[in-house]
Amino acid sequence: MTDHELPSAVVVREVGPRDGFQNEPERIATADKIRLIEQLARTGLRRIEVASFVRPDVLPQLDDGVEVLERLEVPADVHLSVLVPNVRGLERALEHADRFHEVCVFASASETHNRRNVNRSVAESIAAIEEMVPRVRAAGLRCQAVIATAFGCPYEGVVPAERVLELTRRLEAAGADEVGYGDTTGMANPLQVRALFRRLRAATGEGLELTAHFHNTRGQGLANVLAALEAGISTFESSFGELGGCPVPKGATGNIATEDLVSLLHEMGIETGIDLAAVLEASREVQRVLGRPLGSHLLLAGPIEWPGGRPAAG
Ligand code: ZN
């Protein structure tokens, strides 16, 4: 890949059923969740995050995760993942290990965010991850480790790239298959993204999948996607309908929308294997379930129409 070439294909993990549903004010009925996930699984998406094993009293929106997992019917080539906050959560998740393929564990890059999120130090979270990753892999599952606030912290401000690199090395050494980088409150800009991912790509083994998780809090999400592509990143996480967000800053919009991401990629000639119209239909369906409009651009404008056919990319 030369400096100006982008990956020819990209993998998208849909995180709306976890990251999205968790951060919407309404509690979505279990049957609706299952129906929406099954609809997403027919769009060509091959990875979907569907449940969380955070304590139900902490996260009542997702307290039906086990029921969702047990009742879901998806094609065999669709890989499901679950979020696990700690060793106890992992132990509960592994009781249902036949129902999913990947486990996501996480820590924040900044001390204050980690404490506010899980009431532990970063060192304690990383130590727990180092204990969990081998157990995930011993169960025959993939393990993704996510670094939240990787591009900036709403409490501490600048997150040094060296800290993100050091955490990445720890996670890679622990045996993670994939490391994800969360722009948890939408602070990243494209130049920072490109520089950080170039350093991360250079510092890690080729076998380690690096994943970008951008929020569109201030409209910079898709610009950050292009910057990550330029740094050789080819796995992205997004949320149908632009569901979700973060309690801080209050009322902020959420993850980049899957339909906006897929449209951008397809317009640039990058394959995803995803049927854009089918994702949009799922987003319209979740709007119906919630009874209010959601924020994605494609929901408002629809896909680009090219009378006479789409021009060659570039
Ligand atoms: Zn997110």
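A quick note: this is a predicted structure, and the numbers were derived from the prediction, not measured. For reference, positions follow the sequence shown, starting with 1. One-based numbering, in listed order, for ligands and for the atoms of each.
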Asn255 N/O/S atom closer than 2.8 Å to the Zn ion (ligand 1) = yes
Opening angle between NE2 in His213 and NE2 in His215, taken at the Zn ion (ligand 1), to 10 degrees | 100°
Looking only at atom types and distance, does a side-chain atom of Ser296 sit under 3.5 Å from a main-chain N or O of Leu299, one as donor and one as acceptor?
-> yes
So, does Arg163 use its side chain to make a donor-acceptor pair with the main chain of Ala109 at under 3.5 Å?
-> yes
Nearest heavy atoms of Met268 and Leu229, plus distance in Å = CE-CD1, 3.7 Å
Considering only N, O or S atoms, which atom of Asp19 is nearest to the Zn ion (ligand 1)?
-> OD2
side-chain hydrogen bond (donor to acceptor under 3.5 Å, both in side chains) with His213: of Asp183, Asn255, Thr184, only one passes, and it is Asn255
